[in-house]
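Written out below as structure tokens is the structure these notes cover.
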Amino acid sequence: MRKTSRIHAVLAAAGLAAAAALATAAPVGAQPAQVLQATQSSTVYAWIDGWGGGTITSRPAGISCHTTAWDPYSGEDPPPNSTGPCSASFPVGTTVTFTATPDPGSFLNDGPDPASLTVRAGYNAVWAMFCPTDGLCSAG
């Protein structure tokens, strides 16, 4: 091989290596996408429907949303909105599992829906319906 051909081959290889390094290099101060996703959080909301009482809880912990049973025909004002933390922030990508537990005198008519979800950026919600054991229940 001639000397100039060898020099060109070495320079070409060095140029390719430099281009590859530049193509994979991140800007100064940048973090890998996995690190950014792990630190990004999103809120999960719990919604309770029906005239029965009960609680939706999450695992990992964060949501413990409770509503009190109410008879709409009693003439009494409805109880205040659900109590306890009905929303919580979780890292994007976290799988959150929900449990719905009725109060005494109520039953779980439907839910939690979904039973678990993988948190994503944007809107995340779970829903459940509790009804009184006497069968009186809202339409949902």
Side-chain angles (χ1 to χ4, degrees):
M1 183 182 260
R2 293 183 14 210
K3 191 174 190 178
T4 56
S5 295
R6 197 174 294 156
I7 291 172
H8 288 149
V10 169
L11 288 175
L16 288 174
L22 287 173
T24 59
V28 175
Q31 297 179 4
Q34 291 174 335
V35 173
L36 288 176
Q37 183 177 4
T39 59
Q40 182 182 10
S41 293
S42 193
T43 303
V44 176
Y45 300 91
W47 301 100
I48 300 177
D49 198 4
W51 293 330
T55 304
I56 298 176
T57 56
S58 67
R59 191 180 67 232
I63 293 176
S64 183
C65 187
H66 180 263
T67 192
T68 304
W70 175 60
D71 179 356
Y73 301 107
S74 69
E76 296 177 16
D77 288 335
N81 292 335
S82 300
T83 59
C86 294
S87 64
S89 184
F90 297 96
V92 169
T94 301
T95 298
V96 181
T97 303
F98 302 97
T99 303
T101 307
D103 290 346
S106 295
F107 68 94
L108 179 62
N109 189 48
D110 197 5
D113 185 22
S116 66
L117 63 82
T118 300
V119 178
R120 63 186 192 284
Y123 186 75
N124 300 274
V126 62
W127 171 88
M129 177 186 278
F130 296 102
C131 296
T133 54
D134 67 7
L136 178 67
C137 200
S138 70

Is [Y] close to [X] at the side-chain level, that is, under 4.5 Å between some pair of heavy atoms?
X	Y	result
Trp127	Asp49	yes
Leu108	Met129	no
Pro72	Trp51	yes
Leu117	Thr95	no

Check this for me: Tyr123, atom OH, are more than 12 non-hydrogen atoms of other residues, nucleotides or ligands nearer than 6.0 Å? yes

Within the supplied structure, the quantity of interest is the number of heavy atoms (other residues, nucleotides, ligands) at a distance under 6.0 Å from Trp70 CH2; does it exceed 12? yes

Please report the shortest heavy-atom distance between Ala121 and Val92, naming the atom on each side. N-CG2, 4.0 Å

Is the backbone of [Y] close enough, under 3.5 Å, to the side chain of [X] for a donor and an acceptor to pair up by distance?
X	Y	answer
Ser87	Val44	no
Ser106	Gly52	no
Thr133	Gly105	yes

Please walk me through it: do Cys65 and Ile48 pass side-chain contact (heavy atoms from CB on, under 4.5 Å)? CA-CA 8 Å; Cys65 187; Ile48 300 177; 3.9 Å; yes

Do Val126 and Trp47 pass the side-chain contact (heavy atoms from CB on, under 4.5 Å) test, and can you show the C-alpha distance, the side-chain angles, and the key distance before you say yes or no? CA-CA 6 Å; Val126 62; Trp47 301 100; over 6 Å; no

From Thr67 OG1 over to Asp103 CG, what is the distance, rounded to the nearest 0.5 angstrom? 8.5 Å

Which value, rounded to the nearest 0.5 Å, describes the distance between His66 atom NE2 and Phe130 atom CZ? 8.0 Å

Output all residues satisfying side chain to side chain donor-acceptor pair (under 3.5 Å) with Thr43, sequence neighbours left out; order by chain, then residue number. none

Got a list of side-chain donor-acceptor pairs under 3.5 Å for residues 54-64, not counting sequence neighbours?
| from | atom 1 | to | atom 2 | distance (Å) |
| --- | --- | --- | --- | --- |
| Ser58 | OG | Pro60 | O | 2.8 |
| Ser58 | OG | Gly62 | N | 3.4 |
| Ser58 | OG | Ile63 | N | 3.0 |

